[in-house]
K.L.:
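I am attaching a structure below and will ask some questions about it afterwards.
What you see is a predicted model; the values in this text were computed from it and never measured.
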Amino acid sequence: MPTNAQLAAKMLRDASMFFRQVGEQNPPVADQMNQNAQVYDQVAQMVEADPTGEVPMQPPEGAPPEGGEPQG
């Protein structure tokens with residue numbers, strides 16, 4: 001019986017395949033679909049490698065780095 005993390009990784013990889021298939025069938029959105037697929041594959045790998053790991057947060061675009069001036 002698979003663990004929750006294994007099931008989650010499989011579902012993410014299945015979603016990745018779906019995005020790639022959509023991109024193959026719809027060339028105008030192929031680049032975006034391939035980018036989506038890559039992200040889903042990366043997250044699947046992260047879930048398998050470290051199921052309880054934390055994702056480092058990035059500041060919102062244009063937000064100042066900690067202790068710094070706003071970017072802009």
Side-chain angles (χ1 to χ4, degrees):
M1 177 150 235
T3 65
N4 291 340
Q6 289 169 328
L7 179 59
K10 179 182 179 347
M11 291 178 75
L12 288 163
R13 286 205 173 85
D14 289 348
S16 173
M17 281 190 344
F18 169 78
F19 283 122
R20 285 192 174 88
Q21 290 171 351
V22 169
E24 288 172 4
Q25 296 172 13
N26 194 347
V29 297
D31 286 342
Q32 181 63 51
M33 294 298 105
N34 285 329
Q35 288 176 16
N36 292 349
Q38 289 175 351
V39 170
Y40 276 68
D41 283 335
Q42 289 172 351
V43 175
Q45 183 177 5
M46 290 165 51
V47 167
E48 287 177 328
D50 189 2
T52 61
E54 293 185 16
V55 178
M57 297 301 294
Q58 296 179 3
E61 206 170 299
E66 285 188 37
E69 294 294 319
Q71 298 173 351

K.L.:
How long is the span from the NZ atom in Lys10 to the CG atom in Leu7, to the nearest 0.5 Å?
P.N.:
8.5 Å
K.L.:
Is the number of heavy atoms from other residues, nucleotides or ligands under 6.0 Å of Tyr40 OH greater than 12?
P.N.:
no
K.L.:
Before giving the answer on side chain to side chain contact (heavy atoms under 4.5 Å, CB included), spell out for Asp41 and Val39 the whole-Å C-alpha distance, their side-chain angles and the decisive distance to 0.1 Å.
P.N.:
CA-CA 5 Å; Asp41 283 335; Val39 170; over 6 Å; no
K.L.:
Show every donor-acceptor pair shorter than 3.5 Å between a side-chain atom in residues 28-38 and any protein atom, with sequence neighbours excluded, or say none if there are none.
P.N.:
unit_1: Gln32; atom_1: NE2; unit_2: Asn36; atom_2: OD1; d: 2.9
unit_1: Asn34; atom_1: ND2; unit_2: Ala30; atom_2: O; d: 3.2

K.L.:
Count the heavy atoms belonging to other residues, nucleotides or ligands that lie under 6.0 Å from CG of Asn4, then report whether that count exceeds 12.
P.N.:
no
K.L.:
Which residues pass the side-chain contact (heavy atoms from CB on, under 4.5 Å) test with Ala8, sequence neighbours left out?
P.N.:
Val47
K.L.:
What distance do Glu48 atom CD and Thr3 atom OG1 have between them, rounded to the nearest 0.5 Å?
P.N.:
9.0 Å
